[in-house]
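Residue numbers start from 1 in every chain, and the chains themselves are labelled A, B, ... in the order their sequence lines are given, proteins ahead of strands.
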Number of protein chains: 2
Amino acid sequence: MQLVESTADLASVESIEQELTLLVRRAQKVYLRGAPAAQVVERAAYGILAWLHDMGPLRPGALAAHFHLDASTISRQVTSLEQAGLVAREPDAEDRRACRLRLTEHGQEVLTATRAERRGVVRGLLQSWSREDLANFASLLAAFNAGLDHQLSQSTREESQP
Amino acid sequence: MQLVESTADLASVESIEQELTLLVRRAQKVYLRGAPAAQVVERAAYGILAWLHDMGPLRPGALAAHFHLDASTISRQVTSLEQAGLVAREPDAEDRRACRLRLTEHGQEVLTATRAERRGVVRGLLQSWSREDLANFASLLAAFNAGLDHQLSQSTREESQP
DNA sequence: TGAGTATGGTTGGTACATGCAACTAGTTGA
DNA sequence: TCAACTAGTTGCATGTACCAACCATACTCA
């Protein structure tokens, strides 16, 4: 690790900070405005459905940890997903306080449709990118996310053990 | 432009879509949680301050256009910035319905402090990245944002001229 | 084994960001 | 000059989020 960063690196950091600020504000909207039928499920719900799909049945707490959200937030979102019939609660055999959340068949379908929508939007945005840039962007984004995740986990941990 | 994308490209798009979903949800939190003193101004306010700083006095409508937000949203945020003494309204000589928004000196200071905070957070996250990755990420993010901006402008325009 | 503590989840209250609809006040053009 | 338009604000609804208080179950240890 370098102790002295060059001005070029600093400029990159500044630019990244700037671009992230814009990106965060704009990205959601494209999903909602650009894709006419994308509102199949709301933004928050989509993440939950996708994660349940990828990971299989999970407890609410596991979702909260993954998204770094308050348990109450997840609880409400799960409730509305359940009411919409996209997710089902099963009792957790190992802990009767808890439950396990599973995608329903309808949830599967909705996830598939929404994901296709969203991928279509992203594909449209990246239409003219070179293969190399695509691959690069994907891996850099993933790396950045990993850093974010780590950072968030760390500050959460600090809170509980000061 | 290619009509047929390879499976490798599709995988990149899928991965990018996935990572963006996470990024959007997580990025804001790092600014708020990771940086103890970052709450100098809220997320929404920061963007406005920064843009006013870069562009000089602007009308609310110009801000709304830049951020692709509803005029009412900007109006409220500007009101609270004004109450906090970060932004001042001046009458617009050319149109008495409108006004021009200018950073106050205090606004300048707060922007500088907040920006430093945020850049610090980003720098921390990118600490171990190579110079090349930094530069790449910065330029790819910028390109993606430009695409987003274009896409959002387009759908806005379609609304008014169907 | 029973009291005290810890944990998983839910609910109440609150705050903020945002959009749409309705409104006010000023501008423009036939 | 009057109708149509535009800039901005305000009222109302919704989505997302947090914290605090709470319930039920699980765990610990004297």
Side-chain angles (χ1 to χ4, degrees), chain A residues 21-22 24-33 38-48 57-84 87 89-101 152 155-156 159-161, chain B residues 21-22 24-33 39 41-48 57-84 87 89-101 152 155-156 159-161:
Chain A
T21 301
L22 275 178
V24 167
R25 283 193 114 176
R26 286 176 178 166
Q28 319 177 346
K29 315 201 62 160
V30 159
Y31 286 138
L32 298 179
R33 293 180 91 170
Q39 292 90 332
V40 190
V41 286
E42 295 139 27
R43 186 166 47 92
Y46 175 70
I48 293 178
L58 289 176
R59 292 186 181 179
L63 290 174
H66 174 65
F67 293 112
H68 299 285
L69 290 176
D70 193 83
S72 64
T73 301
I74 291 294
S75 176
R76 284 178 235 273
Q77 290 173 354
V78 164
T79 299
S80 69
L81 284 175
E82 197 188 3
Q83 282 168 356
V87 154
R89 292 185 129 87
E90 303 171 351
D92 185 322
E94 286 159 27
D95 187 336
R96 287 190 303 159
R97 291 169 301 183
C99 57
R100 294 165 68 77
L101 306 167
L152 284 168
S155 42
T156 304
E159 274 167 28
S160 38
Q161 309 177 351
Chain B
T21 301
L22 274 178
V24 167
R25 283 192 114 177
R26 286 177 178 166
Q28 318 176 345
K29 314 201 60 161
V30 158
Y31 285 138
L32 298 179
R33 293 180 92 170
Q39 294 88 331
V41 285
E42 298 140 25
R43 184 167 47 95
Y46 174 71
I48 293 178
L58 289 177
R59 292 186 180 180
L63 290 175
H66 174 65
F67 293 111
H68 299 285
L69 289 176
D70 193 82
S72 64
T73 301
I74 292 293
S75 176
R76 284 177 239 274
Q77 289 173 355
V78 164
T79 300
S80 69
L81 285 174
E82 197 188 6
Q83 283 168 355
V87 154
R89 294 183 127 88
E90 302 172 352
D92 185 322
E94 286 158 28
D95 187 336
R96 287 191 302 158
R97 292 169 301 182
C99 58
R100 293 166 69 76
L101 305 167
L152 285 168
S155 43
T156 305
E159 275 167 28
S160 38
Q161 307 176 355

Measure from NE2 on A/His68 to C1' on D/dC18 and round the result to the nearest Å.
16 Å
Report the distance from atom CD of B/Glu82 to atom P of D/dT9, rounded to the nearest whole Å.
9 Å
Looking only at side-chain atoms of B/Arg97, point me to the closest of D/dA7, D/dA17, C/dT18.
D/dA7
Taking 4.0 Å as the cut-off, does a side-chain nitrogen or oxygen of A/Ser72 come that near to OP1 or OP2 on D/dC18?
no
What is the distance, to the nearest angstrom, from the CG atom on B/Leu152 to the C1' atom on C/dG19?
15 Å
Just the rounded figure in Å: distance from C1' of C/dT14 to CG of A/Asp70.
13 Å
Round to a whole Å and report the spacing from OH of B/Tyr46 to P of C/dC16.
20 Å
Under 4.0 Å: is that the gap between some side-chain N or O of B/Ser75 and OP1 or OP2 of D/dT9?
yes
Determine the minimum heavy-atom distance between B/Ala71 and B/Ala64, stating which atoms define it.
CA-CB, 4.2 Å
Residue pair B/Leu22, A/His66: steps toward the side-chain contact (heavy atoms from CB on, under 4.5 Å) verdict:
CA-CA 10 Å; B/Leu22 274 178; A/His66 174 65; 4.0 Å; yes
side-chain contact (heavy atoms from CB on, under 4.5 Å) between A/Arg25 and B/Leu69: does it pass, once the steps are laid out?
CA-CA 9 Å; A/Arg25 283 193 114 176; B/Leu69 289 176; 3.6 Å; yes
Going by modelled atom types, is there a donor-acceptor pair between the base of C/dG13 and the side chain of A/Arg76 at under 3.5 Å?
yes
Rounded to whole Å, please give me the gap between CG in A/Leu81 and C1' in D/dT16.
14 Å
In Å and rounded to the nearest 0.5 Å, what is the CZ to CG distance from A/Arg100 to A/Asp95?
11.5 Å
Please determine whether a side-chain nitrogen or oxygen atom of B/Lys29 lies at a distance below 4.0 Å from atom OP1 or OP2 of D/dA17.
no
B/Gln28 side-chain N/O to D/dA17 phosphate OP1/OP2 under 4.0 Å
no
From CG of B/Leu101 across to C1' of D/dG8 the rounded distance in Å is 11 Å
Rounded distance in Å - CG (B/Asp95) to C1' (D/dT6)
8 Å
Between A/Arg25 and C/dT18, is there a contact of a side-chain N or O with OP1 or OP2 at under 4.0 Å?
yes
I want to check one thing: is the phosphate of D/dA26, taken as OP1 and OP2, less than 4.0 Å away from some side-chain N or O of A/Arg96?
yes
Take B/Val78 and B/Arg89 through the test side-chain contact (heavy atoms from CB on, under 4.5 Å) and record every step on the way to the result.
CA-CA 9 Å; B/Val78 164; B/Arg89 294 183 127 88; 3.8 Å; yes
Of B/Glu94 and A/Ala71, whose closest DNA chain C nucleotide lies nearer the 5' terminus?
A/Ala71
